[in-house]
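Everything on this sheet refers to the single structure shown next.
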Amino acid sequence: MDDHTSAPEAPRDSSLDPAKPKDFIRDIIEADLRSSKHQQVVTRFPPEPNGYPHIGHAKAVSVNFGIAQEYPGRCHLRFDDTNPVKEETEYVEAIERDIKWLGYDWGEHLYFASDYFEQLYQLAEGLIEKGLAYVDDLTAEEIREYRGTLKEPGKNSPHRGRSPEESLDLFRRMRAGEFPEGSRVLRAKIDMASPNINMRDPVLYRILHTHHHRTSDDWNIYPMYDYTHPLSDAIEGITHSLCSLEFEDHRPLYDWVVEHAAVPHRPRQIEFARLNLTYTVTSKRTLRQLVEQGKVNGWDDPRMPTLSGMRRRGYHPEGIRNFLGAIGLAKANSEVEYGYLEHFQREVWNREAPRVMAVLDPLKVTITNYPEGQTEEVEAINNPEDESAGTRMMPFSRVVYIEREDFMEDPPKKFFRLAPGREIRLKHAYFIRCDEVVKDAEGNVVELLCSYDPESRGGSTPDGRKVKGTSHWVSAEHAIDAEVRLYGHLFTVPRPGATTGSAIDDVDPESLTLLNGVKVEAGLADASVGAVFQFLRQGYFAVDPESGPGKLVFNRTVTLKDTWAKVATKEGMQ
RNA sequence: AGGGGCGUCGCCAAGUGGUAAGGCAUCGGGUUUUGGUCCCGACAUCCGCAGGUUCGAGUCCUGCCGCCCCUGCCA
């Protein structure tokens with residue numbers, strides 16, 4: 001069975017299609033290539049290893065790796081590990097695994113900002129020597145006060161005029177660990193009156209006596225993002241440093257650092273809008289709260305927008321890539337409908353997923369004119385979209401289960417399924433007619449007594465008569481039990497937290513529905529974890545890792561489109 | 001006393017002065033042993049608003065309006 005948890009082949013270059021409109025970033029890159037400003041494009045994906053990657057990261061991944069693949073150049077995976085208090089090795093492993101799963105490859109180009117700590121330090125000394133950086137003794141609170149506000153300029157620190165010699169000495173002693181955390185920082189000397197707050201002598205280094213996941217206890221000072229990032233880009237020869245909109249204000253600082261530190265290469269930062277999805281949240285903080293407060297069952301809960309959650313839910317990386325390609329790349333803040341993501345999942349699974357019969361809410365059907373004790377096998381098509389998928393044999397016998405919602409005692413006009421006196425087809429098997437309805441003491445329908453037409457074997461009759469409905473079914477004697485988990489949106493509102501102020505308050509406590517008495521084809525018994533099937537007329541379902549010998553658990557990946565549900569809702573029937 | 005961005009169909013999004021692509025959704029219809037898939041058709045006289053330039057403006061100019069981001073020794 002298909003196990004898509006292994007790394008797929010490299011994504012296809014649909015974007016090389018000249019008919020497909022390009023985005024503003026690709027326009028810039030093509031111009032740079034045409035003018036020979038660059039011979040080859042070099043991008044980078046720079047995650048901080050402090051959380052699990054989610055669909056928002058996937059956009060950044062597909063932008064950076066996708067562009068590098070198209071032009072073609074290369075994309076570096078660089079962990080931005082400059083803050084040891086928040087970062088862990090567990091996350092770097094998760095990030096590497098998820099990028100591979102998405103179908104991208106950094107080859108040899110795996111880097112850590114911490115690899116450059118020594119180099120970065122030397123460049124900082126250079127800045128101090130040139131009088132472009134100084135050690136400041138102000139407290140964090142004082143620095144904040146001196147910074148001014150959005151509308152008022154800041155004022156110079158009393159230590160700003162310190163000589164390069166004195167700053168250098170202090171900086172070296174900071175490195176040596178002579179000072180406590182928070183007592184001093186290294187700052188760039190730029191302009192405390194700049195209208196851009198990022199340029200008001202930003203902090204370059206802070207003292208942190210913290211163990212680092214890679215450099216251990218080698219360092220007592222750690223460089224800030226605004227200093228580390230541009231220099232790492234420059235060191236690696238990144239040509240286009242693509243990041244999200246909130247860094248637009250940092251670009252002057254990015255350029256300042258690259259210009260004044262002693263590095264030869266000048267990368268260009270370009271910003272684009274990050275992905276927002278309705279009914280979901282992509283803030284690491286909120287995601288962490290969901291996990292820690294037990295609102296979900298871990299980072300890979302199928303309701304989570306994490307890539308590990310989506311993988312467990314049965315999402316196909318190709319569908320995610322196609323989605324990301326379809327939403328485009330622009331600078332306008334936007335919010336994409338969740339259903340658009342689902343569309344691309346249906347699109348790939350419709351093509352790929354084997355069809356199988358599973359009855360989610362079983363209703364017993366006894367075929368009264370079918371010989372007791374007899375079993376026969378009918379041939380079923382595995383995938384009408386893929387002839388090479390072939391067929392399989394399904395056991396048929398006197399007692400079968402059909403979906404409870406496929407029967408109505410008193411059907412409305414547009415209901416095409418089974419009802420007293422009506423005939424439907426059991427897919428790939430026979431026509432059956434409902435003769436009698438059996439109820440319990442409370443009046444609930446517990447069983448249907450039907451008769452079948454022996455002439456209709458395979459699903460059609462010699463007389464050519466039609467039925468309006470076709471149901472999936474499973475032989476009672478041969479079916480096996482499974483647990484099925486149905487998922488709805490994790491949140492009750494399209495914009496979690498928008499009105500309540502806290503996304504956690506908008507969590508839908510009923511986003512998970514557990515189904516226990518599900519009856520599935522016996523052939524599913526040895527389905528491998530991660531495999532995805534189409535449960536006929538129901539949707540796509542993925543085998544959950546919690547499955548084991550004698551225990552089958554499925555996660556609903558996405559439903560099929562359901563025109564009937566739409567009609568029924570409109571008619572006020574359901 | 002601010003600075004940086006963004007506003008084209010319900011949701012994304014092309015468009016780079018020559019008379020509004022495409023996808024999703026929606027609405028009709030056809031095919032169908034999945035009310036799935038597939039196929040056909042409809043869906044912005046209009047581009048945040050108001051002026052102006054031009055033979056011609058979503059694209060240029062001016063002025064408004066609205067939304068997002070920035071005052072971590074986080075990234």
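In the text below, chain A, chain B and the rest are named by the order of the sequence lines, each starting its count at 1.
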Whole-Å P distance, C24(B) and C38(B)
9 Å

Have a look at D226(A) and say if it touches a base, only the backbone sugar-phosphate, or nothing, with a 4.0 Å heavy-atom cut-off.
nothing

Remember a base hit wins even if backbone is also touched, and classify V185(A) as base, sugar-phosphate or nothing at under 4.0 Å, heavy atoms.
base

Within the structure shown, what part of the strands sits under 4.0 Å from P384(A) by heavy-atom distance: base, sugar-phosphate, or nothing?
base

Determine the interatomic distance between C1' on U59(B) and the same-named atom on U32(B); round to the nearest Å.
47 Å

In whole Å, measure the gap between the P atoms of C6(B) and C61(B) for me.
14 Å

Looking at residues 323-335 of chain A, who's got a heavy atom less than 4.0 Å off RNA chain B?
I327(A), L329(A), A330(A), K331(A), A332(A), N333(A), S334(A), E335(A)

Report yes if at least one side-chain N or O of R206(A) is closer than 4.0 Å to OP1 or OP2 of C74(B); otherwise report no.
yes

Using the P atom on both, measure C70(B) against A75(B) and round to a whole Å.
16 Å

Looking at R392(A) and E379(A), is any side-chain nitrogen of the basic one under 4.0 Å from a carboxylate oxygen of the acidic one?
no

So if I apply the ring pair (Phe, Tyr, Trp, His ring centres under 6.0 Å) rule between H212(A) and each of F79(A), F117(A), F112(A), which one comes out positive?
F117(A)

With the side chain counted from C-beta on, respond yes when L170(A) and R184(A) share a heavy-atom pair under 4.5 Å apart, and no when they do not.
yes

Atom-pair distance (NE2 on H343(A); P on A25(B)), nearest Å:
6 Å

May I ask you to say what H229(A) touches in the nucleic acid, namely base, sugar-phosphate or nothing, with a heavy-atom cut-off under 4.0 Å?
nothing

Atom CZ of R26(A) to atom P of G15(B): distance rounded to whole Å?
12 Å

For RNA chain B, what residues of residues 193-203 of chain A have any heavy atom nearer than 4.0 Å?
P195(A), I197(A), V203(A)

Check whether any side-chain nitrogen or oxygen of T563(A) sits under 4.0 Å from OP1 or OP2 of G36(B), and answer yes or no.
yes

C1' spacing across the pair C9(B) / G23(B), given as an integer number of angstrom:
13 Å

Starting at CG of D562(A) and ending at P of G35(B), how long is that distance when rounded to a whole Å?
9 Å

Rounded to whole angstroms, how far apart are CG on L418(A) and P on G35(B)?
14 Å

Roughly, in whole Å, what's the span from CD in Q345(A) to P in G23(B)?
20 Å

With a centroid cutoff of 5.5 Å and a plane-angle limit of 30°, would you call Y225(A) stacked on A75(B)?
no

W473(A) ring center near F396(A) ring center (under 6.0 Å):
yes

Just call it for K566(A): base, sugar-phosphate, or nothing, with non-hydrogen atoms closer than 4.0 Å on any strand.
sugar-phosphate

Does K570(A) make a side-chain N or O approach to OP1 or OP2 of C27(B) shorter than 4.0 Å?
yes

I143(A) atom CD1: more than 12 heavy-atom contacts under 6.0 Å:
yes

Have a look at D249(A) and say if it touches a base, only the backbone sugar-phosphate, or nothing, with a 4.0 Å heavy-atom cut-off.
base

Just to be sure I understand the rule, does H428(A) reach a base, reach only the sugar-phosphate, or reach nothing, if contact means heavy atoms closer than 4.0 Å?
base

Going by the glycosidic torsion and a 90 degree boundary from 0, is the base of G72(B) oriented syn or anti?
syn

In a check of ring pair (Phe, Tyr, Trp, His ring centres under 6.0 Å) between Y205(A) and each of Y222(A), Y227(A), Y134(A), which one passes?
Y227(A)

Residues within residues 133-150 of chain A bordering RNA chain B, heavy-atom distance below 4.0 Å:
L138(A), T139(A), A140(A), I143(A), R144(A), R147(A), G148(A), T149(A), L150(A)

Within the pair R537(A) and G35(B), is there a side-chain N or O less than 4.0 Å away from OP1 or OP2?
yes

So what does G339(A) touch, heavy atoms closer than 4.0 Å: a base, only the sugar-phosphate, or nothing?
nothing

With a non-hydrogen cut-off below 4.0 angstrom, is E248(A) in contact with a base, only sugar-phosphate, or nothing?
sugar-phosphate

Between K561(A) and U37(B), does any side-chain N or O lie under 4.0 Å from OP1 or OP2?
yes

Looking for any heavy atom pair under 4.0 Å, which part of the strands does F247(A) touch: base, sugar-phosphate only, or nothing?
base

